[in-house]
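Accompanying notes for the structure given below.
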Amino acid sequence: MRLKIIGSAAGGGFPQWNCNYQLSRRAWNGDENVRSRTQSSLAVSSNGTDWVLFNASPDIRQQIAATPELQPQENGRLRSTPIRAVVLTNADVDHIAGLLSLREREPFVIYATRRVLDVLEANSIFNVLDRALVDRRELTAGGRTDILDVAKIPTGISVEAFAVPGKVALFLEDHSKAGEGFGTQEGDTIGLCISSRGSERAAFYVPGCARIDAVLTSRLQRADCLLFDGTLYTDDEMVAAGVGSKTGARMGHVSISGENGSLAALAELGIGNRIYVHINNTNPVLDAASAEHAAVVAAGWEIAFDGMEVRL
């Protein structure tokens with residue numbers, strides 16, 4: 001199974017289009033220690049021919065251009081794609097907006113929880129994806145789902161969806177329910193155990209997670225590779241940087257550092273490949289020469305970058 005991280009940044013990418021924070025400024029200036037990154041997405045294949053996307057970022061056109069495996073075959077049909085399906089982990093803009101760029105009457109399948117499918121259904125702009133060509137199929141927690149193409153031919157990839165602590169998408173927040181997670185419901189955020197047919201090895205993809213509990217920790221013990229939420233290094237990072245008023249907890253993202261951060265909470269898991277994804281433009285781990293980057297690497301983690309590949 002091949003896993004290609006085609007987008008490693010959080011919403012807005014890095015550098016974010018309107019950001020002049022020192023990390024973004026250095027990226028704008030071409031500093032080699034702070035490489036640019038597009039918004040969060042993962043591509044997976046069991047055979048190198050049929051590919052499944054996990055989340056469709058607003059940068060999907062750029063990501064396809066940078067990834068030959070996702071482009072039409074040189075001698076293929078005039079209109080074609082190796083992308084057979086898109087699996088969504090939530091309804092955040094940085095994970096669903098790229099669906100709009102996958103129009104042009106090309107058949108593929110969207111897999112998501114009923115909650116996320118209802119979000120797409122309620123937003124008529126997603127009707128640019130012709131329902132006669134783009135099938136929408138529900139993912140349910142607790143069982144394994146074979147990812148099939150439009151003709152119901154197996155891609156060779158299967159997933160097991162599971163609920164993780166998270167938050168409703170920003171544009172769906174109900175401020176009258178601020179004390180109840182702004183209207184967060186079951187199915188708003190999931191993690192995925194990804195495997196290929198005939199293999200016992202599994203990758204866990206959790207690009208958004210509000211906290212790490214015993215249930216999640218126990219589940220992740222099965223992972224041969226973990227791609228985990230690395231949005232912020234410290235909970236108050238955006239506030240301290242002067243670029244925002246929200247903490248990581250308010251946004252539904254556990255921090256990397258701290259007593260309850262992922263670095264400490266997942267330290268005892270014997271996972272060979274541990275990679276932080278969905279990294280915000282204020283996160284100091286983006287600087288390859290920073291003490292924070294060194295601390296993460298010393299703890300056995302890697303910092304995802306666009307084009308990074310893992311083989312299981």
Would you say the side-chain atoms of [X] pair up with the backbone N or O of [Y], donor to acceptor, closer than 3.5 Å?
X    : Y    : answer
D188 : Q185 : yes
T67  : Q63  : yes
Y276 : S8   : no
W28  : C19  : yes
D229 : V206 : no
R222 : F204 : no
S158 : R197 : no
N123 : I125 : no
D306 : T38  : yes
S257 : Y233 : yes

Is C209 close to T189 at the side-chain level, that is, under 4.5 Å between some pair of heavy atoms?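 No, side chains not in contact.
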
Quick check: do R311 and K4 have side-chain heavy atoms less than 4.5 Å from each other? no

Inspect the surroundings of [atom1] in [X] and state if more than 12 heavy atoms from other residues, nucleotides or ligands are less than 6.0 Å away.
X    : atom1 : answer
E309 : CD    : yes
R114 : CZ    : yes
R144 : CZ    : yes
Q22  : CD    : yes
R25  : CZ    : yes
R137 : CZ    : yes

If hydrophobic clusters are built by linking Ile, Leu, Val, Met, Phe, Trp and Tyr wherever their side-chain heavy atoms come under 4.5 Å apart, do [X] and [Y] end up in the same one?
X    : Y    : value
L232 : F228 : yes
L148 : F108 : no
L139 : L42  : yes
Y205 : I275 : yes
V277 : L266 : no

N281-Q16 side chain donor-acceptor pair, cut-off 3.5 Å: yes

Using a strict threshold of under 4.0 Å (side-chain N to carboxylate O), is an ion pair present between R131 and E121? yes

So, applying side chain to side chain contact (heavy atoms under 4.5 Å, CB included) with N55, which one of V86, L88, I60 is it? L88

Intermediate values then yes/no, side chain to side chain contact (heavy atoms under 4.5 Å, CB included), I194 and E160: CA-CA 7 Å; I194 308 169; E160 180 184 340; over 6 Å; no

Axial cation check for F182 ring with R250, 6.0 Å and 45° limits: yes

Among D50, D146, D149, exactly one meets salt bridge (Lys or Arg N to Asp or Glu O under 4.0 Å) together with R84. Which residue is that? D50

